[in-house]
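Single-structure report; data block below.
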Amino acid sequence: MNVIAHGGAGGAAERPEQRQSVLEQAVTAGERATTPVDAVIETVKRLESSPRFNAGVGGAIQSDGVVRTDAGVMRSDREVGAVCSMSGVEHASEAARVVMEETPHVLLAGEHAVALADAFDITTDSDLRSEQATDDWADLDGPASNAITDQLAFVRDQFDGTDTVGAVATDGDRIATCTATGGRWCALAGRVGDVPQVGSGFYCTHAGGASATGEGEEIVRVTLARRAVDHLELGREPQDAAELAIEELEDLTGGRAGIIVMAPDGSVGRAFNTEMMQTSATDD
């Protein structure tokens, strides 16, 4: 199995060597899987369980003090599932797979997505606040009240962050991709970014798959993941597809992002216009 994963595009990370080690272990776990979907889920789950990444237990805190997770998964036959705005769900990637495989839907949100996850024995009562996020939140002067206008005023001053995690895998025929996130720091409660939106945070066809990371609002405006896969469908190599997609995002929005891309033969591409984006792949 060929696998590539990213740990998010953004500023310089603390202890990058430890983050890289987790990425490499995650890819190794994915490489041992029997299908591309199993591979991307196994890879992403390990990143969701590490507080060093903005997903699962490392998620960002929203304006009401709650961490909410999102994820999307897609196969090259265009089967797809996504979840968003879930509190207490460490492995949003697993919940997205349930939507894809067990429901006639594409996207489920909020408490109903949590209920579905619980029905399929996915843990839904995890404490998703990392020690670092808890400390950073405690240092802030929070919203003046729970009123939406007060929370919005707080968000305008504090909203930040770009990180996400994701993976793409192929067995030489089938392809799958998965992206998961804990959102952006101090977003308005209930905010949903690019990650669970098909074609924005993730996308996959017979030509290849892509997983995006970065400023979600800007990624959505250009449907970044689909843009990269479109380049594959035009016959471009994965590295060219990744670079062109990021160049187009920057030209159109001025946004910051990163992307990983994989073709059916296992060749990969990666590009970003942020300070850093750590990745790992089976061919590294």
Side-chain angles (χ1 to χ4, degrees), residues 1-6 30 33-45 70-84 91-109 112-113 116-117 120 164-181 192-213 216 219-238 240-242 244-245 248-249 257 259-270:
M1 192 73 61
N2 290 299
V3 184
I4 183 171
H6 69 76
T34 57
T35 72
V37 170
D38 289 337
V40 294
I41 297 296
E42 287 303 312
T43 300
V44 169
K45 280 175 61 179
D70 311 330
V73 62
M74 190 170 185
R75 302 191 319 223
S76 48
D77 61 1
R78 296 180 188 267
E79 287 298 304
V80 60
V83 287
C84 67
H91 295 304
S93 57
E94 286 191 316
R97 182 176 190 169
V98 168
V99 173
M100 179 176 72
E101 296 182 344
E102 304 292 343
T103 82
H105 309 308
V106 166
L107 174 63
L108 209 61
H112 303 292
L116 180 71
F120 283 84
T164 297
V165 303
V168 189
T170 183
D171 60 5
D173 179 23
R174 300 166 297 177
I175 307 162
T177 185
C178 179
T179 306
T181 189
V192 176
D194 64 294
V195 166
Q197 298 192 49
V198 184
S200 293
F202 68 109
Y203 197 65
C204 191
T205 73
H206 67 280
S211 173
T213 170
I219 290 171
V220 169
R221 289 184 171 97
V222 300
T223 53
L224 182 62
R226 176 163 185 170
R227 190 174 287 268
V229 174
D230 282 349
H231 286 305
L232 293 179
E233 292 185 338
L234 290 171
R236 295 187 172 98
E237 295 299 318
D240 292 334
L244 284 167
E248 290 162 357
L249 173 131
I259 196 164
I260 55 173
V261 182
M262 178 174 277
D265 65 0
S267 58
V268 301
R270 44 199 135 188

For Ala96, enumerate each residue passing the side-chain contact (heavy atoms from CB on, under 4.5 Å) test, keeping only those at least two apart in sequence or located in another chain.
-> Ala71, Val73, Val83
Locate the shortest heavy-atom distance separating Ala176 from Val37; write the atom from each residue and the value.
-> CB-N, 3.7 Å
For Arg97, salt bridge (Lys or Arg N to Asp or Glu O under 4.0 Å) partners two or more places apart = Asp38, Glu101
For Glu94, what residues pass the side-chain hydrogen bond (donor to acceptor under 3.5 Å, both in side chains) criterion, not counting sequence neighbours?
-> Lys45
Contact check, side chains of Ile175 and Pro264, non-hydrogen atoms, under 4.5 Å | yes
Closest heavy-atom pair and its distance - Ala241, Ala228 = CB-O, 3.5 Å
When rounded to the nearest 0.5 Å, the distance separating CD of Glu237 from CG of Leu232 is 8.5 Å
Which atom names give the shortest non-hydrogen contact between Thr43 and Ala167, and what distance separates them?
-> CG2-CB, 3.9 Å
If you take all heavy atoms of Gly193 and Asp70, which pair is closest and at what distance?
-> N-OD2, 4.2 Å
Excluding sequence neighbours, so at least two apart, what forms side-chain contact (heavy atoms from CB on, under 4.5 Å) with Ala39?
-> Met1, Val3, Ala33, Ala169
Would you please name every residue forming a salt bridge (Lys or Arg N to Asp or Glu O under 4.0 Å) with Glu248, sequence neighbours left out?
-> Arg227
Point-to-point distance, once rounded to the nearest 0.5 Å, from OG1 of Thr164 to CZ of Phe202 = 12.5 Å
Give a yes or no answer on whether the side chain of Glu233 reaches the backbone of Val229 with a donor-acceptor pair at less than 3.5 Å.
-> no
Under the side-chain hydrogen bond (donor to acceptor under 3.5 Å, both in side chains) rule, collect the residues that match up with Ser76, sequence neighbours excluded.
-> none
In short, Asp194 meets Ser200 closest at the heavy-atom pair O-CB, 3.8 Å
After noting the C-alpha distance and the side-chain angles of Thr35 and Arg174, does the key distance pass the side chain to side chain contact (heavy atoms under 4.5 Å, CB included) rule?
-> CA-CA 8 Å; Thr35 72; Arg174 300 166 297 177; 4.3 Å; yes
List for me each residue that meets salt bridge (Lys or Arg N to Asp or Glu O under 4.0 Å) alongside Asp265, sequence neighbours excluded, and say none if there are none.
-> none
Closest heavy-atom pair, Ile260 versus Gly166, reported as atoms and distance to 0.1 Å, is CD1-O, 3.9 Å
Answer yes or no: is there a side-chain heavy-atom contact under 4.5 Å between Arg78 and Thr205?
-> yes
Under 3.5 Å, sequence neighbours excluded: what are the donor-acceptor pairs made by side chains of residues 219-226?
| from | atom 1 | to | atom 2 | distance (Å) |
| --- | --- | --- | --- | --- |
| Arg221 | NH1 | Glu217 | O | 3.3 |
| Arg221 | NH1 | Glu218 | OE1 | 3.3 |
| Arg221 | NH1 | Glu218 | OE2 | 3.1 |

Please identify each residue that fulfils side-chain hydrogen bond (donor to acceptor under 3.5 Å, both in side chains) with Ser211, with sequence neighbours left out.
-> His6, Thr179
Would you indicate whether the side-chain heavy atoms of Glu102 and Leu116 approach each other to under 4.5 Å?
-> no
